[in-house]
Amino acid sequence: MSDTPIVLDELRQRIDQLDGDILRLISERASCAQQVAQVKLAHDKDAVFYRPEREAQVLRRIMALNSGPLDAEEMARLFREIMSACLALEQPIKVAYLGPEGTFTQQAALKHFGESAISLPMAAIDEVFREVEAGAVNYGVVPVENSTEGVVNHTLDTFMDSSIKICGEVVLRIHHHLLISETTRKDKVSRIYSHPQSFGQCRKWLDAHYPHAERVPVSSNAEAAKLIKTEWHSAAIAGDMAAKLYGLERIADKIEDRPDNSTRFLIIGNQDVPMSGEDKTSIVVAMRNQPGALHDLLEPFHRHKIDLTRIETRPSRTGAWNYVFFIDFKGHRDEPQVAAVLEEVKLRASELRVLGSYPQGVL
Ligand SMILES: O=C(O)C(=O)C[C@]1(C(=O)O)C=C[C@@H](O)C=C1
């Protein structure tokens, strides 16, 4: 006998030992989280168990401490799941997302909250907002912008009519695949279903590979995946989750035109989030309709050296040719610099609402 099996045996024994240690430590951590829940409840009977700022700090610390061989993001994902399970022991949280099941928004919800969260599909963005406002769920997840296709106007518009707060953000790399079911042959695809945004993100690839296939827009990629289960000569563009959920074959992988294609999602809730150390703030501002209004609005940010990360203009609901600005910037509303800018902007604007200060996406 060669000595390789003996080495393998020893390594496996070592792994068993380490697994025992990890198990003990995770259990100890979970007991700590249970005690945290008791302390929270003792102070406040309506205690909020999910703490976005604390979760961001835990994950950032793990990434900074990690020295390999697993990469920092991979390690943070493992801790994401441990924390998710610990939170579920304190209080199982319910998260509404733009459905149906298998959408990128569900993937974003699970990436942010971990697999122990209970995720509930909603038929429309407004419904996600309504469920959160009504307290039927603890949080909601909605898409807000895509790196290729731009802003999701419907999400921004819904904020105008709502008192909901932004509690977090999560960015997801979006990979689209061309999928078929067993009813369709690879060389016989004459119709392709997908969400209009996904068609936009795969336009060049489709023009090159399926110039003659009919492109049929539907309400989501997951809906497209579901539809082709029973249709002949049809393919769908959707992501991994939908492919797995509906048992579809991937006939072309990662067909998005831009390799860095990603979508940013917002976590919405009823909670003001304390500082985490690396935060963002989102505001919506209505300006009086006069020359130089945009300059007046942005000038205080420039003077206080606050980094703007996004600015979007949307028509206001209050009259023709009035506009509101959605602005995201780095910093938390409780930081003195940010508070000073917000005071100045308030004086110049006809309306200012802080949608939320929240930790910058970690994973
Ligand atoms: O620190 C807390 O407040 C906890 O509840 C513990 C813990 C964790 O597992 O680390 C769990 C859930 C919270 O969202 C944040 C952190």
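The first residue of the sequence shown is numbered 1, and numbering continues consecutively from there. First listed ligand is number 1; within each ligand, the first listed atom is number 1. These values consider heavy atoms only, across backbone and side chains, with no hydrogens, waters or symmetry-generated copies.
- Distances below 4.0 Å separate heavy atoms of L87 from the following atoms of ligand 1: 12 (C).
- Aromatic pair F104/H176: centroids less than 6.0 angstrom apart.
- The proximity of R51 to ligand 1, defined as any non-hydrogen pair under 4.0 Å, involves the side chain as well as the backbone.
- Listed here is the closest heavy atom pair of V128 and V141: CG1-N, 3.9 Å.
- Y193 pairs with exactly one of K226, E214, E231, E223 by the side chain to side chain contact (heavy atoms under 4.5 Å, CB included) rule, that one being E231.
- Heavy-atom contacts of C86 reach the following atoms of ligand 1: 9 (O) (cutoff under 4.0 Å).
- E90 OE2, 3.5 Å is the protein heavy atom nearest to atom 11 (C) of ligand 1.
- Between the side chains of T309 and D328, no donor N or O sits under 3.5 Å from an acceptor N or O.
- Using a 4.0 Å cut-off to heavy atoms of F49, the atoms of ligand 1 that qualify are 5 (O), 13 (C), 14 (O).
- In this structure, S276 contributes its side chain and Q57 its backbone to no donor-acceptor pair below 3.5 Å.
- Closest to atom 3 (O) of ligand 1 among all protein heavy atoms lies K40 NZ, 2.8 Å.
- Nearest to atom 1 (O) of ligand 1 among the protein's heavy atoms is R54 CG, 3.4 Å.
- Summarising the geometry, atom CD1 belonging to I255 is positioned 14.0 Å from atom NZ belonging to K204; distances are rounded to the nearest 0.5 Å.
- Classification of the Y50-H112 ring pair by plane angle, with boundaries at 30° and 60°, yields perpendicular.
- The protein atom (non-hydrogen) at minimum distance from atom 10 (O) of ligand 1 is R29 NH2, 2.8 Å.
- Inclusion of Y50 in the set of residues having an N or O under 3.5 Å from an N or O of ligand 1 is not warranted.
- Within the listing of ligand 1, atoms 2 (C), 3 (O), 4 (C), 5 (O) sit less than 4.0 angstrom from a heavy atom of V36.
- Of the possible polar contacts, one joining the R51 side chain to the V48 backbone as a donor-acceptor pair under 3.5 Å is found.
- Among protein heavy atoms, atom 12 (C) of ligand 1 sits closest to E55 OE2, 3.6 Å.
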